[in-house]
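No hydrogens, no waters, no symmetry mates; every other heavy atom, side chains included, goes into these values.
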Amino acid sequence: MKNITKFKHKKVLVLGLAKSGVSAASLLHKLEAFVTVNDQKPLSENPEAQGLLQEGIKVICGSHPIELLDEGFQYVIKNPGIPYHNPLIKKAIEKNIPVLTEVELAYLISDAEMIGITGTNGKTTTTTLLFDILKEDDQKPLIAGNIGTVASEVAQYAKEDEKMVVELSSFQLMGIEDFAPHVAIITNLYASHLDYHGDLTEYWKAKTNITKNQTKNDYLIINGDQEHVQEAVSNTKAQVILFSTQKEVQGGACIKDRAVYFKGERIVELDSIVLPGEHNLENILCAIAACKIYGVSNDSIMKVLSTFGGVKHRTQFVREVNGIKFYNDSKATNSLATKSALKAFASPTILLAGGLDRGNEFDDLIPFLKNVKTLITFGETSEKFVKTGEKAGIQTIIPVDNVEKAVPVAFEHAQEGDVVLLSPACASWDQYRTFEQRGDIFIEAVHKL
């Protein structure tokens, strides 16, 4: 770990705990900053804050008092989930106090080179796939970021001969100052998280922050089938590498003659790839492009792609019961992800969908529902999905209370050869803490059949 002095004897406010806040506070304490932690949850119900208190860190719990910012803080490190319209954050910006996220800390202290992956969909699959291939090729990768392992924690132990593969959300990328991965990937860009960012321009700006500090010695891998992505990063100084599932691209990754090519070299046959769905070909192409930058062998790529069946909660095969296949795609928190999941299956499908109501309708799913024989709905958007299903001409539409109750109902209406797919097209927060919890409940219900 680099012993940086940027925060030494500086007053730093860590706003919001969870895993990233705890890691950031503890790290800043090691870097000799004067740390104050502020979290909404009361101290008596907050074991994380209690632990930091025992480390000698100042902790203020139970509310976010606006007068905190009168104490002369020089930096604010915020939990990525706290929006910028939070009064404390707004006041910090007004006072010109830099507002960062813990991935900035990870970058500043890491001895290992970083590979950053962002985009609207496919981040986790790409991150995991890239990590697995680099590991197979003995490239000493570490995995971190929005995928669940806190980047600033991993960075403390990263070595110079290792590589940090980091999944990055738009929330995290809004809070960077110097962060500059050697290889950056933008899988794709669509409308998402507008309730947080306010508009599409702000969202795309956050995503393209991944390349704002890159130099001519760095690489940016982007979707060659999306002109708006290429326009959004037109000012990058990095070497741009395109990937495309639709056309041949010079100096990049593409599909040709039922195989994946990179810079004209045939890398792997499509028939050898077990990961289902055309959308996953995008993830595979950008992962291969990053791997070839590091000289990974084709044998390592082929070995992983012939066995990699997907990431938990992302079109994850769960189990086959009486010839009926169950798939968990709980990570599908928007319509686009559900469209991709539906396109991956030609079999008659029983779709489980619903969740947090963000105000949008779901009629854009109608063209993708042609194989859906039964629609089971739940959550705040249940009634909206009923109306969408009726417009799509689905004969059997069944509202239920929750995911757990949806599984046996789906099984009852399924026949041999059918697919039962949990792909909610909504966030989980109306009924579940996280999409992972929602997916785990689905898996458990399937195993009870």
Side-chain angles (χ1 to χ4, degrees), residues 1-2 18-24 26-27 80 101-173 176 179-187 207 210 218-219 221 275 280 282-297 300-301 303-305 307-316 330-331 434-436 439-440:
M1 175 178 109
K2 293 175 183 171
K19 289 188 289 186
S20 66
V22 171
S23 177
S26 186
L27 172 59
T101 53
E102 60 85 30
V103 292
E104 176 76 6
L105 301 181
Y107 172 75
L108 293 172
I109 67 164
S110 177
D111 284 319
E113 202 166 77
M114 284 195 176
I115 304 170
I117 300 99
T118 197
T120 303
N121 292 315
K123 298 184 296 296
T124 301
T125 299
T126 301
T127 301
T128 308
L129 183 58
L130 178 51
F131 170 80
D132 285 356
I133 297 173
L134 290 171
K135 186 176 180 182
E136 178 64 32
D137 204 60
D138 295 324
Q139 297 262 351
K140 299 182 180 178
L142 304 167
I143 195 164
N146 198 46
I147 198 166
T149 310
V150 180
S152 58
E153 190 174 307
V154 175
Q156 293 180 54
Y157 308 101
K159 300 180 179 66
E160 280 188 38
D161 61 343
E162 294 174 322
K163 299 172 183 67
M164 276 187 65
V165 185
V166 187
E167 180 185 333
L168 298 161
S169 70
S170 57
F171 306 165
Q172 292 167 311
L173 286 168
I176 64 167
F179 179 82
H182 179 55
V183 177
I185 298 173
I186 302 175
T187 58
K207 287 293 192 184
I210 197 170
D218 299 319
Y219 297 88
I221 300 167
L275 191 61
N280 277 318
E282 288 188 353
N283 305 328
I284 288 165
L285 289 172
C286 50
I288 286 175
C291 286
K292 296 309 284 186
I293 288 170
Y294 287 104
V296 171
S297 73
S300 294
I301 293 170
K303 187 170 181 180
V304 172
L305 288 176
T307 56
F308 185 83
V311 178
K312 192 175 184 183
H313 308 300
R314 292 149 181 89
T315 327
Q316 170 203 5
S330 184
K331 179 62 169 71
T434 62
F435 72 81
E436 291 96 340
D440 287 339

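- Residues G116 and P181 come closest through the heavy atom pair N-CB, 3.7 Å.
- The shortest heavy-atom contact between F171 and P80 is CB-O, 3.3 Å.
- From C286, atom SG reaches atom NZ of K123 across 12.0 Å, with rounding to the nearest 0.5 Å.
- Here K159 contributes atom NZ and M164 contributes atom CE; the two are 13.0 Å apart, rounded to the nearest 0.5 Å.
- Under the side-chain contact (heavy atoms from CB on, under 4.5 Å) test applied with T127, the options I147, T118, T187 reduce to a single match, I147.
- For the side-chain hydrogen bond (donor to acceptor under 3.5 Å, both in side chains) criterion with S152, the lone passing option out of S26, S23, S110 is S23.
- For the side-chain contact (heavy atoms from CB on, under 4.5 Å) test, residues two or more places apart in sequence or in another chain that qualify with D440 are K312, H313, I443.
- M1 is listed as a side-chain neighbour of L27, based on a closest heavy-atom distance under 4.5 Å.
- Atom CD1 of I288 is separated from atom CD1 of I221 by 11.0 Å, given to the nearest 0.5 angstrom.
- Nearest heavy-atom pair, Q139 versus D137, reported as atom, atom and distance to 0.1 Å: NE2-OD2, 3.1 Å.
- For the pair T128/F308, a side-chain contact is recorded, criterion being any heavy-atom separation below 4.5 Å from C-beta on.
- Here the shortest heavy-atom pairing between K331 and F435 reads CD-CZ, 3.2 Å.
- Here CG of L142 is found 9.5 Å from CE of M114. Values are rounded to the nearest 0.5 Å.
- At least one side-chain heavy atom of K2 sits less than 4.5 Å from a side-chain heavy atom of D111.
- In this structure, Q172 and E102 have side chains that are in contact, with non-hydrogen atoms separated by less than 4.5 Å.
- Between V183 and Y294 the shortest side-chain heavy-atom distance falls below 4.5 Å.
- For the pair K207 (side chain) and G119 (backbone), a donor-acceptor distance under 3.5 Å is present.
- Between E104 and L108, the closest side-chain pair of non-hydrogen atoms falls below 4.5 Å.
- The shortest distance between side-chain heavy atoms of I301 and K292 falls below 4.5 Å.
- In this structure, CG in L173 is found 5.5 Å from CD1 in I210, a value given to the nearest 0.5 Å.
- One distance of note links CG of L275 with CG of L129; it measures 7.5 Å at 0.5 Å rounding.
- The minimum heavy-atom distance linking N283 with G122 is given by the pair OD1-CA, 3.4 Å.
- Considering only heavy atoms from C-beta on, L134 comes within 4.5 Å of I115 through its side chain.
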